[in-house]
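Atoms within each ligand, like the ligands themselves, are counted from 1 in listed order. One is the number of the first residue; the rest follow in order along the sequence.
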Amino acid sequence: MSRIRVLSVFGTRPEAVKMAPVVRALGQHPEFDPLVCVTAQHREMLDQVLTLFDIKPDFDLNLMKPDQNLAGLTADILTALDPVIARARPDWLLVQGDTTTVMAAALLGYYHRVRVGHVEAGLRTGNKWQPFPEEINRRIAGAAADLHLAPTEHSRQNLLREGVPDWRIRVTGNPVVDALLEITRRAAPEETRSLLNRLGIAPGKKRLVLVTAHRRENFGRPLEDICAALRSLAAAYAGSIEMVYPVHLNPHVQEPVYRLLDGVEGITLLPPQEYLNLVHLMRSAALVLTDSGGIQEEATALRIPTLVLRRVTERPEGVEAGVLKLVGTDPARIVGEARRLLDDPAAARRMAEAANPFGDGQAAGRILDAILSFREPADPSGGGLL
Ligand code: UD1
């Protein structure tokens, strides 16, 4: 029997983290013939993850340009990925999440009549501007998908409500948990341990607050508001907390963050951290402030109380579990909620008690099973787009 050829396509750091366990499982399974194509929508940040998980792409489109815009990037991906799919002739195309790479690759899979599997399917805020442009990206990927690999029952329900037939959906858990379990087994890197030492972070000394913020809908005023909140917290907790903020390379993030926070006592700005370092920073944190998607899942899995700097989330499971709290970008609200948790360790502990709703570390295996057992029913029922 010929093996099933699966072309995995990804472009950014978080997609690479979440696809790494799937790519590895495909490579170890006798029934699959796996290929990897990176669009390299991100360059340095992607390459760090490829090295960490020892992934050697078969195709590297190397598309990142300085300060790329969405239309240009989309056009470049469509043009460059099209001949790769024609040449590779895969049985399946696998994409993960909601970036420009995912949206464009899923559409191309459809054009080539290749079956599309969408990992992390069914996340929705219901607001097309939040997050921008990811809410529409994942809907487009979903419209083209043959198989929706939903991380949770909640995401499955979102898809059913949109009319996706049940037989097209499998609940697998999120492979971010698989990746995280592997990474937390590795020792904390020397670089991170000496950073924590240098900043005086230790029980009874200073507490660590880890910050990340890079979302497009927060560019401009909201990101400046977040910076203002960080400055107030730094002043209020001088000497007792240290805020560490690895700053995303997007120039719309770099410029305001360095302008407003560089040199402020109690705030340490860092270049983007390798995934291994970031996970170990997260584990050492008393509190996380973030507008990222993946960090909401990782912090939930590690049970670190997290304030989400967004108005809505597509990951309500983490809010229900109590680990995440949505606070938006109003400085007074961020400062108030952060103070409540920093001043009341019992409240912080209560946030961190729940079980992990995002998976058990076995998502990659379930994703492979779902592909192997996928059959189009002779008489598909269930309505929706067949
Ligand atoms: C993208 C995703 C977002 C995801 C984020 C994770 C889209 C629309 N957005 O946003 O969903 O949460 O990645 O990081 O796909 N840059 C570098 N080096 C890098 C990476 C980025 O210099 O390694 C700079 C470049 O100037 C690039 C810019 O960041 O032009 C923006 O990158 P882009 O992929 O367009 O958007 P992100 O903000 O990274």
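- In this structure, the protein non-hydrogen atom closest to atom 38 (O) of ligand 1 is Asn250 ND2, 3.0 Å.
- The option with the heavy atom closest to atom 35 (O) of ligand 1, from among Arg216, Gln254, Met64, is Arg216.
- Of the protein's heavy atoms, His42 CD2, 3.7 Å lies nearest to atom 21 (C) of ligand 1.
- The side chain of Leu70, and not its backbone, has at least one atom closer than 4.0 Å to an atom of ligand 1 (non-hydrogen atoms only; side chain from C-beta on).
- Atom 33 (P) of ligand 1 has its closest protein heavy atom at Gln68 NE2, 3.3 Å.
- Protein heavy atom nearest atom 5 (C) of ligand 1, with residue, atom name and distance: His214 NE2, 3.8 Å.
- Note on Arg3 versus Glu31: no salt bridge recorded, every NZ/NE/NH1/NH2 to OD/OE distance being 4.0 Å or above.
- For atom 9 (N) of ligand 1, the nearest protein heavy atom (residue, atom name, distance) is Glu134 OE2, 3.3 Å.
- The protein heavy atom nearest to atom 23 (O) of ligand 1 is Met45 N, 2.9 Å.
- With hydrogens left out, the protein atom closest to atom 34 (O) of ligand 1 is Gln41 NE2, 2.9 Å, a heavy atom.
- When hydrogens are left out, the protein atom nearest atom 18 (N) of ligand 1 is Glu44 OE1, 3.1 Å; that is the closest non-hydrogen contact.
- The side chain of Pro251, and not its backbone, has at least one atom closer than 4.0 Å to an atom of ligand 1 (non-hydrogen atoms only; side chain from C-beta on).
- Between Arg139 and Glu135 there is a salt bridge, with a side-chain nitrogen of the basic residue lying less than 4.0 Å from a carboxylate oxygen of the acidic one.
- Of all the heavy atoms of Pro272, none lies under 4.0 Å from any atom of ligand 1, so neither backbone nor side chain is involved.
- Inclusion of Thr100 in the set of residues having an N or O under 3.5 Å from an N or O of ligand 1 is warranted.
- The closest side-chain donor-acceptor pair between Glu297 and Thr300, if any, does not fall under 3.5 angstrom.
- Atom CZ of Arg24 is surrounded by more than 12 heavy atoms from other residues, nucleotides or ligands within 6.0 Å.
- No hydrogens or angles considered: nothing links the side chains of Thr101 and Glu15 as a donor-acceptor pair under 3.5 Å.
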